[in-house]
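Take a look at the structure below.
Note that the coordinates shown come from a computational prediction; the quantities given were computed from them, not determined experimentally. Atoms within a ligand are numbered from 1 in the order they appear, just like the ligands themselves.
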Amino acid sequence: MISVFGSANMDLVAYTAKAPKRGETVTGRAFSTIPGGKGANQAIAAARAGADVSFVGAVGDDAFGPVMRASLESAGVDVTRLRVVPGSSGVAHIVVDDEGGNSIIVIPGANGTVTGVSEDDLAVIRRSGALLLQLELPMEAVVEAACQAKVPVILTPAPAQKLPRELLAAVDLIVPNEHEAEAITGHADPGEALDALLDLVPEAVITLGGEGALYGSRSGERLRVPAVPVKAVDTTAAGDTFVGALAVARAEGRPQEEALRFAAMAAALSVQRKGASTSMPGRTEIDKALR
Ligand code: RIB
């Protein structure tokens with residue numbers, strides 16, 4: 001079982017030829033509300049990729065909360081530890097352009113009320129084979145979960161921010177994209193950033209979009225996995241899909257390179273469809289594409 005302690009957001013997505021500049025108004029092509037949030041996305045990606053998954057987090061008592069709960073449940077994610085709190089759910093305001101690129105503003109809402117982990121949350125996390133964390137919950141809660149987990153911790157350091165030393169000390173694998181890797185290490189070159197990350201944590205994967213992914217471990221292993229060439233229509237949650245699938249492949253004990261290729265294929269399939277939770281492939285689809 002994989003546990004995810006993280007955010008759930010309702011994504012309010014505007015599709016447009018080109019994102020507006022400051023002060024500019026543009027006419028968009030379409031609008032959708034799609035369940036997202038880096039935590040919920042990783043939970044759904046891992047469940048679709050074949051794992052039992054438990055999600056720990058919060059939604060508001062507004063109209064979005066039940067929709068996000070149903071989205072997790074319909075992917076087979078256990079939501080016993082999803083609490084409902086008074087007020088608004090987390091919301092993400094997303095603009096997707098014709099090249100599939102996006103920009104996102106997250107308003108935490110209920111996610112911001114998750115300031116720690118309860119004993120019941122920890123019981124779920126400690127029964128799991130790995131804990132997935134991101135940075136859309138308050139940092140003190142993320143740190144507490146990582147330090148108390150007693151299972152391997154996989155951190156997606158997004159949105160990029162300063163990482164406390166106690167958090168890094170509790171992380172087993174960090175999975176930033178190239179921008180987050182540069183923000184953490186100060187190195188724009190992914191190879192140099194990887195070396196610097198390995199001074200902080202035992203294993204790291206830097207996702208490089210169309211350039212694939214770079215893996216390294218303190219034991220000296222280095223791997224570069226190419227991206228699967230596809231036409232992206234929406235890259236939202238591609239990184240979350242990669243991490244969810246990677247966690248599943250690692251939990252299954254697959255060799256490192258095979259696990260990375262599995263994750264890269266899941267991400268490549270996801271960018272060919274619109275939305276976050278709506279774009280993640282199932283296990284059969286990933287296996288078939290890899291064959
Ligand atoms: O990583 C993609 C996610 O970031 C979106 O679903 C949005 O909710 C934001 O959390």
Side-chain angles (χ1 to χ4, degrees), residues 4-15 19 31-48 55-60 62 64-65 67-72 75 77 82 88-97 100-114 132-139 141-142 154-161 174-181 183 205-209 213 232-247 263 266-281:
V4 181
F5 180 58
S7 59
N9 297 327
M10 184 56 84
D11 291 352
L12 311 181
V13 193
Y15 294 93
F31 172 75
S32 298
T33 50
I34 302 171
K38 294 184 197 304
N41 290 344
Q42 293 188 4
I44 290 173
R48 294 223 181 109
F55 180 74
V56 183
V59 292
D62 56 3
F64 292 149
V67 181
M68 293 192 276
R69 176 185 292 271
S71 161
L72 286 156
V77 175
L82 176 66
S88 308
S89 294
V91 162
H93 182 284
I94 304 184
V95 176
V96 178
D97 64 34
N102 64 62
S103 50
I104 305 179
I105 302 171
V106 174
I107 294 99
N111 301 303
T113 69
V114 184
L132 306 191
L133 295 172
Q134 322 74 34
L135 300 179
E136 287 185 342
L137 296 183
M139 184 59 91
V142 175
I154 300 177
L155 173 69
T156 304
Q161 53 195 283
I174 194 165
V175 191
N177 64 23
E178 69 259 57
H179 309 294
E180 292 146 6
V205 177
I206 302 179
T207 58
L208 302 167
V233 299
D234 184 352
T235 57
T236 308
D240 299 328
T241 306
F242 183 97
V243 171
L246 183 65
L269 291 166
S270 79
V271 301
Q272 295 173 75
R273 292 189 281 256
K274 287 183 174 175
S277 57
T278 43
S279 68
M280 287 143 188

Got a list of side-chain donor-acceptor pairs under 3.5 Å for residues 31-39, not counting sequence neighbours?
none

* Might you work through the side-chain hydrogen bond (donor to acceptor under 3.5 Å, both in side chains) test for Gln134 and Thr156, ending with a clear yes or no? => CA-CA 5 Å; Gln134 322 74 34; Thr156 304; 5.5 Å; no
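- Scanning both residues, Asn41 and Ser277, for their nearest heavy atoms gives OD1-N, 3.9 Å.
- Legend: residues meeting side-chain hydrogen bond (donor to acceptor under 3.5 Å, both in side chains) with Thr278, ordered by chain and number and at least two apart, are absent.
- For ligand 1, the 4.0 Å heavy-atom shell contains residues Asn9, Asp11, Gly36, Gly37, Lys38, Asn41, Ala92, Ile104, Val106, Glu136, Ala237, Asp240, Ala276.
- A search for side-chain hydrogen bond (donor to acceptor under 3.5 Å, both in side chains) contacts involving Thr241 returns nothing, not counting sequence neighbours.
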Does the side-chain contact (heavy atoms from CB on, under 4.5 Å) test come out yes or no for Ile154 and Val175, once each step is laid out?
CA-CA 7 Å; Ile154 300 177; Val175 191; 4.0 Å; yes
